[in-house]
Amino acid sequence: MKKRVFSGIQPSGEIHIGNYLGAIKQWIEIQEKYNCIYGIVDYHSMTVKYNTDELKKKVIDAAVTYLSAGLDPERSHLMVQSQVPEHTELTWILNTVTPMSWCERVPTFKQKKIQNEKNVNMGLFDYPVLMTADIIIYKAEFVPVGKDQLPHLELAREITRKFNSTFGEIFPEPKPIISVGALIIGLDGKQKMSKSIGNCIYMADSNDVIRKKLATAVTDTRRVKKTDPGVPSDCNIFSLHKILSKKDEIESCSEGCLKASIGCFDCKKILANNLIDELEPFKEKKSYWDNNIEKVKEILNEGGKQARSIAKDTMEQVREKVGLWKF
Ligand code: ATP
Ligand code: MG
């Protein structure tokens with residue numbers, strides 16, 4: 001039996017190349033090896049202010065993005081979190097074994113508290129517990145995520161251990177799978193690329209927009225003029241080269257930057273071409289899925305059904321273990 005994988009992305013905005021290089025690209029690569037369930041985690045996106053009229057559309061947009069990136073519905077289950085309400089039932093039970101202090105120390109909570117100071121709700125606080133339920137309800141052993149999610153996953157492991165030691169072993173402790181693009185920095189060169197910050201190159205950006213966005217992206221700030229040498233390891237553009245460019249291009253850009261024989265403009269041009277090439281198959285598939293939305297909905301319905309049947313089995317075991325009424 002193949003081991004199970006779960007991972008999800010919030011439908012909180014357009015999917016960017018950080019999501020792609022940090023998470024989705026791996027999702028696609030490991031589909032053969034593992035039994036994968038990939039979720040559009042809409043309950044999570046309700047923890048910050050959102051537009052109720054737009055949520056369903058964002059869910060479909062996310063599904064189109066995953067399918068266009070290469071998610072194969074024959075091999076993996078693609079589902080919407082709220083199709084499987086057992087996620088929230090398990091969250092409640094996990095809440096009862098999770099000390100509040102564990103959630104208080106999560107870095108994302110501290111950061112989102114500042115970003116949403118007028119709306120620090122219970123859902124925002126409880127986010128890592130729901131994330132734990134998302135994973136362990138499928139008894140997933142692996143979770144392909146970006147580096148920003150590692151503290152959440154560490155907490156998920158702690159909560160899982162606490163449940164198992166309190167009520168009896170049911171769940172495996174989920175482990176991360178981290179990719180080479182585990183932390184993509186935004187165009188500002190400072191913060192991680194993030195839907196909620198907006199410092200992003202989106203997967204669906206046109207080639208023109210990609211070139212324009214890269215042209216304005218922050219590089220090593222030592223390079224004021226073309227003749228100023230720079231330090232590639234301090235440049236966000238170079239970190240993208242390392243993921244997207246060919247070996248000889250990486251070497252010549254690094255050397256050219258150190259010796260000031262190549263300017264940031266030319267260095268960015270090489271990167272833009274490689275990023276555009278990387279996204280080309282995605283864009284081709286996207287134009288197909290954009291015109292086949294009914295098929296996308298069928299895939300979600302089927303994926304949700306399959307996922308729910310696994311989740312229901314798990315909840316039966318959980319209810320028995322925690323001593324809830326059997327009806
Ligand atoms: P939000 O700002 O709404 O939190 P986000 O851009 O952080 O959105 P998420 O939906 O929270 O995206 O994350 C989805 C997946 O993408 C997670 O596995 C996360 O680790 C990964 N990811 C998000 N941003 C990056 C990034 N900048 N670099 C690498 N991986 C990332
Ligand atoms: Mg996030």
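Numbering of ligands and ligand atoms starts at 1, following listing order.
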Proximity to ligand 1 by part of Gln111, non-hydrogen separation under 4.0 Å: neither

Flag for Gln111-Lys192: side-chain donor and acceptor within less than 3.5 Å: no

Atom indices of ligand 1 within 4.0 angstrom of Gly181 heavy atoms, with elements: 29 (C)

ILVMFWY network linking Leu55 to Leu78, side-chain heavy atoms under 4.5 angstrom: no

Ring geometry between Trp27 and Tyr66 (parallel below 30°, tilted from 30 to 60°, perpendicular above 60°): perpendicular

Atom 14 (C) of ligand 1: nearest protein contact (heavy atom, Å): Ile9 CG1, 3.4 Å

Ion pair check, Asp208 and Arg211, cut-off under 4.0 Å: no

Under 4.0 Å to a heavy atom of Gly146 - the qualifying atoms of ligand 1, by number: 18 (O), 19 (C), 20 (O), 30 (N)

Ion pair Glu320/Lys326, N-O distance below 4.0 Å: no

For ligand 1, the portion of Asn19 having any non-hydrogen atom under 4.0 Å away: both

Salt bridge flag under 4.0 Å for residues Asp188 and Lys190: no

Atoms in ligand 1 flagged as close to Met193, the criterion being non-hydrogen separation under 4.0 Å: 24 (N), 25 (C), 26 (C), 27 (N)

Identity and distance of the protein heavy atom lying nearest atom 19 (C) of ligand 1: Asp148 OD1, 3.4 Å

Proximity of Ser12 to ligand 1 by residue part, where a heavy atom lies under 4.0 Å: side chain

Protein heavy atom at shortest distance from atom 7 (O) of ligand 1: Lys192 NZ, 2.6 Å

Per-atom contacts, ligand 1 versus Gln10 - under 4.0 Å to a heavy atom: 3 (O), 4 (O), 10 (O), 11 (O)

Ion pair Glu158/Arg105, N-O distance below 4.0 Å: yes

His44 near ligand 1 by a heavy-atom separation under 4.0 Å: no

Cation over ring face, Lys175 and Phe142, 6.0 Å, 45°: yes

Pair Tyr288-Lys295, side-chain donor/acceptor within less than 3.5 Å: yes

Close-contact set for ligand 1 against Lys112 heavy atoms, below 4.0 Å: 1 (P), 3 (O), 4 (O)

Atoms in ligand 1 with a heavy atom of His16 nearer than 4.0 Å: 6 (O), 24 (N)

Residues Ser239 and Asn236: side-chain donor-acceptor under 3.5 angstrom: yes

For atom 17 (C) of ligand 1, the protein heavy atom that lies nearest, with its residue and separation: Gln149 CG, 3.9 Å

Option with minimal heavy-atom separation from atom 2 (O) of ligand 1, where the choices are Pro144, Ser196, Gly18, Gly186: Ser196

Nitrogen or oxygen of Lys147 less than 3.5 angstrom from that of ligand 1: no

Residue and atom name of the nearest protein heavy atom (relative to atom 9 (P) of ligand 1), distance in Å to one decimal: Lys195 NZ, 3.5 Å

Side chain to side chain donor-acceptor pair (under 3.5 Å) contacts in which one or both residues fall within residues 15-24, not counting sequence neighbours: His16-Asn19, Tyr20-Glu278

Residue portion contacting ligand 1 (non-hydrogen atoms closer than 4.0 Å) for Ala23: side chain

Close aromatic pair by centroid cut-off 6.0 Å: His87 and Tyr138: yes

Which residues share a salt bridge (charged side-chain N to carboxylate O under 4.0 Å, His left out) with Lys112, sequence neighbours left out: none

Proximal ligand 1 atoms for Leu183, defined as those under 4.0 Å from one of its heavy atoms: 28 (N), 29 (C)

Proximal ligand 1 atoms for Gly22, defined as those under 4.0 Å from one of its heavy atoms: 29 (C), 30 (N)

Which segment of Ala182 sits under 4.0 Å of ligand 1 when only heavy atoms are counted: backbone

Which residue and heavy atom of the protein sit nearest atom 28 (N) of ligand 1, plus the separation: Ile184 N, 2.8 Å

